[in-house]
Amino acid sequence: MNDHKHKSDKPEAATEAPVSLDFIRAIITEDITNNKNGGRVHTRFPPEPNGYLHIGHAKSICLNFGLARQYGGLCNLRFDDTNPTKEESHYVESIQKDVRWLGFDWEDRLFYASDYYDQLHEFALKLIRDGKAYVDDLSADEIREYRGTLTEPGTPSPYRDRPVEENLDLFGRMRAGEFPDGSRVLRAKIDMASGNVNLRDPVLYRILRATHHRTGDKWCIYPMYDWAHGQSDSIEGITHSICTLEFEDHRPLYDWFIEQLGIHHPQQIEFAPLNLSYTVLSKRKLLQLVKEKHIGGWDDPRMPTISGLRRRGYTPSAIRNFCDRIGVAKRDSTVDVALLEHCLREDLNKSSARVMGVLRPLKVVIDNYPKGQVEELEAVNNPEDPSAGIRKVPFSRELFIEREDFMEDPPKKFYRLSPGREVRLRYAYFITCTDVIKNADGEIVELHCTYDPATRGGDSPDGRKVKATMHWVSAAHAREVEVRLYDYLFTKEDPLAVADGENWLDNLNPGSLEVVAGCRVEPALAVAKAGDRFQFERLGYFCVDPDSTPGKLVFNRTVTLRDTWAKIQQKQ
RNA sequence: UGGGGCGUCGUCAAGCGGUAAGACACAAGCCUUUGGAGCUUGCAUUCCCAGGUUCGAAUCCUGGCGCCCCAGCCA
């Protein structure tokens, strides 16, 4: 293409998308141009089934499946199940559910590293025959000592130069179960002096009498991840093995294996894993939170797990959108959790039905409203989506409003209800506060107001304005529900940054969950089902929790609405 | 002189020798029957630092500095 010839061609230049590719897409685009792998793009998402997926995995899932979709390729789901002591089929089920929920499909390409145990065993035999692997009798501690340090080379094991026949015999007997757990390992014979510790004769197989979630007791030796991972990718014909940064120095090892074996060579590309402010994303730590019961479980709505986010009320598209927006690069980074929340609100704003709910009810009596009268007022279901239609909301003489929407002695910028002030009740009437009733302790227990019948629906014929519009609920018609309010699980932007003598659990936010009982919602919500999402006007987005029973609904607050008033208050 | 990576706005992130995109956050204003949503505007004279090459450098070279990862028979 001659750029100069097209420079004057403005219309075309203008319509051309100024696509900037992230470094991975740049590599893949280049590979396709060069017809590498015949132009094929085949990725995979390779979780270990030892825990639940979290938002960091979502980044990888969106990347791998997204790449396949974008380039007309395929993406496999493969469980890297090489450690039976930590893996459970319970986890493989949750992982599949989560990937599907996120909107991705591996079709018929569901694999397990354990599918390849026989092949991997053959590969090991080849290495031994080629004099590239040996059985080592050193103990785990000895192996560590012989490995050297980061600055000093390692020392060869005294068993390093065993003859091939002896290695073959010993490895066969390892597999046959003749030796106790941990007594011997199979090691690759590479370079004990390498500056890259991964190349100092890494362990390929260990003896482990543990029942595997899929292969049962067929094996008593199990491949190490490093020995299984690259070859699994190779076997599946993966073209681009995308993984996180910490595997960068494993790449020379994987390349060595592939080369010794003479098999298909996937290209490994490493990217920076996701970090999120106010959030912990380490499987080990998440497991600890669950095991020590600091939260309710893997799907606790405060957890950054996919199942937690789902229960909290997140949508798959909000998460996907977030993953698109954070980009992919190699530098360490921590994404502001506010971006995740922004993506969430953006999605929920468009799709959620509006509804009125009062978290902390304050009774209001409309003195001049006829006793016993009930009006069905029209309310818009979603101003962002006219097709969502309208609904009827009952109005009567006794109502509940939000406690914090009334102040007896309001500060300057508070323009909600206060004595003598007129406000609008959304879709209903203008009301004016005439009296404040208190109990013996001086707490406000009830308000008396008058309404202007001419303002039915919320507009005044005389054109007079009102500063505030408030949500409300008819006392006699409202349903009582429980609402769970969530805040960040950690009080620190970086939960792992701790002072001496403290640990990260000290940063747990004691106020991350607030259960509010006695909330009232409009009657239309009575039929809501677990998982249904709503916007409670002026408050936020809420989602019906599976803990709900037919008699009592439980709502999770997914995220608040942006709250300008709260900001003003903070400044004051 | 152990090896491997990375350093562009408060946070992500484009940029690939031609004179700093975009998003979030933040700020101001408009609009509003959600103090919601939406809209407008502002927000890096400068790219970790120092030299050098060049008419011209965030981009090239040299030397520093800083941060992250690696010494599981975990993944």
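All values below come from the heavy atoms of this structure, side chains included, with hydrogens, waters and symmetry mates left out. Below, chains carry the letters A, B, ... as their sequence lines are ordered, and counting in each starts from 1. Computed from a predicted structure; not experimentally measured.
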Check your understanding: Side chain of A:Arg345, base of B:G36: donor and acceptor closer than 3.5 Å?
Key -> no
Point to revise | Check: A:Asn196 side chain, B:G4 base, donor-acceptor under 3.5 Å | key: no
Of the nucleotides [options], which one has an atom closest to the side chain of [X]?
X        : options             : answer
A:Asp249 : B:C68, B:G4, B:C74  : B:G4
A:Asp80  : B:G35, B:A25, B:A75 : B:A75
A:Leu339 : B:A71, B:G35, B:C24 : B:C24
A:Arg354 : B:G36, B:U8, B:A75  : B:G36
A:Val197 : B:C24, B:A71, B:U34 : B:A71
A:Ser333 : B:C12, B:A75, B:G2  : B:C12
A:Thr564 : B:C12, B:C70, B:G36 : B:G36
A:Glu384 : B:A37, B:U11, B:C73 : B:A37
A:Thr469 : B:U34, B:C24, B:C73 : B:U34

Practice item. For B:C55 and B:U19, measure between their C1' atoms and round to the nearest Å. Key: 12 Å
Respond yes when some side-chain nitrogen or oxygen of [X] is under 4.0 Å from OP1 or OP2 of [N], and no when none is.
X        : N     : answer
A:Arg426 : B:G36 : no
A:Arg562 : B:A37 : yes
A:Arg206 : B:G72 : no

Review point. Heavy-atom count around A:Lys413 NZ within 6.0 Å, excluding the residue itself: above 12?
Key: no
Check your understanding: Can you find a heavy atom in the side chain of A:Leu170 that is under 4.5 Å from one in the side chain of A:Arg173?
Key -> yes
Revision key, fill the gap. Result for side chain to side chain donor-acceptor pair (under 3.5 Å) between A:Asn50 and one of A:Glu87, A:Lys86, A:Lys283 points to A:Lys283
Exercise for review: Please say whether the positively charged group of A:Arg426, taken as NZ for Lys or CZ for Arg, lies over the ring of A:Trp472, i.e. under 6.0 angstrom from the six-membered ring centre and within 45 degrees of the axis.
Suggested key: no
Exercise for review: Remember a base hit wins even if backbone is also touched, and classify A:Arg424 as base, sugar-phosphate or nothing at under 4.0 Å, heavy atoms.
Suggested key: base
Review point. Does a donor on one side chain and an acceptor on the other come within less than 3.5 Å for A:Tyr254 and A:Asp226?
Key: yes
